[in-house]
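Take a look at the structure set out below.
In what follows, every chain begins at residue 1, and chains take the letters A, B, ... in the order their sequences are listed. Since we're looking at a predicted model, the values are computed, not measured.
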Amino acid sequence: MRYCREEAPSDRSVAFAGYDLSSSGRLPLMREDYGSGSRIATDYEPFDGAKERTRLWVRMLVQTADEVVMDVGGVHAPVANALRRIMLVEVPTMAVEYVTVHRNSSILHDEQLAHRLGLVPVLADARAFAERPPGSAAATARDTLRFRLRVEAPSETTSTPNGGRAQSTAVYSDQIEWVPLDAAPQPAARPRLMPGILLAKLAPGQAIDLEMDAVKGYGQEHAKWSPVATAAYRMAPRVQITRDIIGEQAQRLVRLCPMHVFDIEDGTGRAVVRRERDCTRCEECVRVVRAPVIDTADDIEEDEGEGEEEAMPPEDAADTDASFARSIRLGHDPEHFIFSVESTGQYRADVIFLEALHILKHKCVRLLQEIQRRPEEEGFG
Amino acid sequence: MTQEPSVRASAGCAVPRTPIDGASDRPPPTVHIEQSADACQVTLTLENEGHTLGNVLRYMIARDPRVEHAGYSVPHPSENRVKVNVITRPGTRALDVVQSALANVALLCDELSGRYEAAASGGTSSTCP
């Protein structure tokens with residue numbers, strides 16, 4: 001496999017004033033082993049279906065209704081990124097889009113209340129619905145779920161222990177009821193909105209009476225249609241100890257890492273990489289802290305040229321006083337992604353990634369069909 | 001670390017694992033194709049698509065050894081449109097390369113779906129290192 005090699009920029013030590021990352025002549029990242037992550041497409045080998053098949057692997061780490069964390073291996077960043085982007089904005093869900101306010105005497109303005117209603121997850125499978133044509137007044141059971149909210153706070157002001165002040169009445173999403181449209185067959189599970197979400201508080205005598213239509217939509221248009229709270233990936237970190245770190249130094253290394261990546265091997269006292277996955281590549285372990293340079297007023301002028309070099313640790317002292325820059329190499333595996341997907345409730349979290357794959361495939365297949373359907377096209381010009 | 005689905009699973013609707021054909025009611029893709037006289041250069045303009053498809057398509061096209069150059073751009077951020085440009089070596093039709101790249105991405109999605117479903121249903125996912 002070919003990777004894009006990158007030379008360490010010479011001005012790196014300037015960019016990270018106070019740290020010297022280039023004392024070894026290059027960045028202490030395993031760029032030449034694992035790639036910088038910024039590969040160009042020609043660095044990948046030609047696509048071969050059979051070979052690709054053997055490379056792919058998936059491992060579930062967390063699988064609950066709300067959250068999925070998994071390893072996806074053998075894919076490259078453009079594919080992982082396309083899937084992430086699709087999960088965020090292209091997996092359809094149902095969300096409240098049209099609100100008809102019959103009565104609203106609460107302190108919330110109509111539009112504010114409608115906005116809040118829009119953000120409440122609608123627990124229905126949008127894939128079973130059609131898109132409602134924009135501007136169409138006629139809602140059908142095929143493209144719309146209608147809900148109604150009718151609440152009224154009791155009007156009499158009963159005296160309460162806290163000085164006669166009336167209690168407010170909380171309105172929760174549980175109070176929203178589904179209204180069947182036309183003669184649609186009753187579904188097994190009544191469609192509903194995510195329960196337990198506070199919508200408004202009513203003072204005595206105030207009332208809300210409104211109808212809302214939930215329609216199918218995509219996160220591209222508004223985030224209320226996004227099925228995920230987060231869908232993100234990171235490349236799996238790789239940490240290598242290239243030279244033995246023993247005894248006192250090993251203990252110092254273990255203390256140095258804020259993520260507790262390193263441990264000491266029993267018996268040998270050697271530092272080993274124990275929790276590679278936890279590495280955030282903060283580079284604390286490979287940081288070289290320069291001795292502070294105290295300039296006196298007289299020195300400033302003559303120091304200007306050479307000051308930097310003097311401040312750097314001598315070549316052979318690297319691992320003894322300050323840093324493990326020459327003993328540890330940090331990098332990441334560009335073909336191993338750790339995905340984390342959190343559902344907002346419309347779908348089980350483990351369905352969303354699968355749906356994204358399905359959508360990406362469909363995009364390609366339909367585009368392919370469209371190209372094949374075309375006669376020979378016009379030329380440039 | 002794998003946990004049983006929590007109670008919230010039943011709080012949601014019953015969602016089948018296998019996707020219902022959700023993409024089918026989307027309008028058909030709009031694509032404008034410009035080709036050079038020798039068919040070695042092609043520019044596709046895809047409406048209602050962006051970096052999501054553009055980048056993955058460029059990546060797959062560029063993996064084809066017959067390709068000299070592959071690039072994509074979103075000409076204006078407020079227009080939902082992406083242009084994919086391909087130049088192939090002499091003797092290869094650029095549009096053929098695009099078509100095989102599209103098929104390859106679809107194949108990759110299928111393979112990954114299979115792996116994912118195996119892993120999600122608790123089976124052996126495959127040859128993980």
Side-chain angles (χ1 to χ4, degrees), chain A residues 41-42 44 46-47 49 52-54 56-66 70-71 73 75-76 78-79 81-82 85-86 90 92 123-125 127-128 130-131 189 345-348 350-351 353-355 357-368 370-372 374 377-380, chain B residues 1-3 5-6 8-9 11-17 19-23 25 28-29 31 33-37 41 46 49 51-53 55-56 58-60 62-65 70 95 98-99 102-113 115-120 125-129:
Chain A
T42 44
Y44 301 107
F47 185 89
E52 216 73 15
R53 197 168 299 147
T54 56
L56 291 174
W57 60 276
V58 177
R59 181 168 48 196
M60 283 290 176
L61 301 172
V62 177
Q63 187 180 9
T64 66
D66 300 331
M70 63 191 160
D71 286 329
V75 297
H76 296 132
V79 179
N81 196 42
R85 289 174 64 102
I86 291 173
E90 291 186 51
L123 305 181
D125 189 350
R127 298 171 299 179
E131 282 176 60
Q346 295 97 334
Y347 297 107
R348 292 168 45 134
D350 54 3
V351 176
F353 186 76
L354 202 58
E355 191 60 23
L357 279 166
H358 179 72
I359 290 168
L360 179 58
K361 183 197 162 187
H362 252 255
K363 265 181 196 291
C364 293
V365 170
R366 299 186 79 201
L367 184 57
L368 186 58
E370 180 65 21
I371 292 172
Q372 284 170 346
R374 294 292 185 87
E377 277 294 322
E378 65 277 13
F380 280 109
Chain B
M1 248 181 123
T2 307
Q3 291 167 266
S6 67
R8 275 276 298 282
C13 59
V15 176
R17 257 273 171 60
I20 301 169
D21 204 349
D25 64 334
V31 54
I33 304 168
E34 284 176 292
Q35 254 189 111
S36 65
Q41 188 173 351
L46 312 175
E49 292 294 348
H51 294 282
T52 306
L53 187 61
N55 190 31
V56 77
R58 179 206 60 107
Y59 148 83
M60 197 53 92
R63 284 184 72 176
D64 196 314
L95 209 51
V98 173
Q99 292 184 32
L102 284 166
N104 287 344
V105 176
L107 178 72
L108 197 59
C109 289
D110 269 348
E111 290 296 334
L112 197 52
S113 299
R115 289 287 148 82
Y116 178 80
E117 281 185 305
S125 55
S126 65
T127 57
C128 53

Subject >> chain A contact via A70(B) - side chain, backbone, both or neither, heavy atoms under 4.5 Å >> reply: neither

Subject >> Interface residue of largest heavy-atom contact number with chain B, from C364(A), G73(A), A82(A), under 4.5 Å >> reply: C364(A)

Original post:
Taking E370(A), E90(A), M70(A), R53(A) one by one, which has the highest count of heavy-atom pairs under 4.5 Å against chain B?
Top reply: R53(A)

**OP:** Give a yes or no on whether the backbone of A65(A) and the side-chain of R348(A) come within a donor-acceptor separation of less than 3.5 Å.
**Re:** no

**OP:** Name the region of D64(B), side chain, backbone, both or neither, that has any atom closer than 4.5 Å to a heavy atom of chain A.
**Re:** neither

Subject >> Parallel, tilted or perpendicular: rings of H76(A) and Y59(B) (30°, 60°) >> reply: perpendicular

Original post:
Counting N and O atoms only, with roles assigned by atom type, does the side chain of Q63(A) sit under 3.5 Å from a partner on the main chain of A120(B), one being a donor and the other an acceptor?
Top reply: yes

Subject >> Electrostatic pair E52(A)-R63(B), nearest N-O below 4.0 angstrom >> reply: yes

**OP:** Ignoring hydrogens and angles, tell me if any N or O in the side chain of Y116(B) forms a donor-acceptor pair with the backbone of L357(A) under 3.5 Å.
**Re:** no

**OP:** Give the member of N104(B), L107(B), V105(B) that has the highest number of heavy-atom pairs under 4.5 Å with chain A.
**Re:** N104(B)

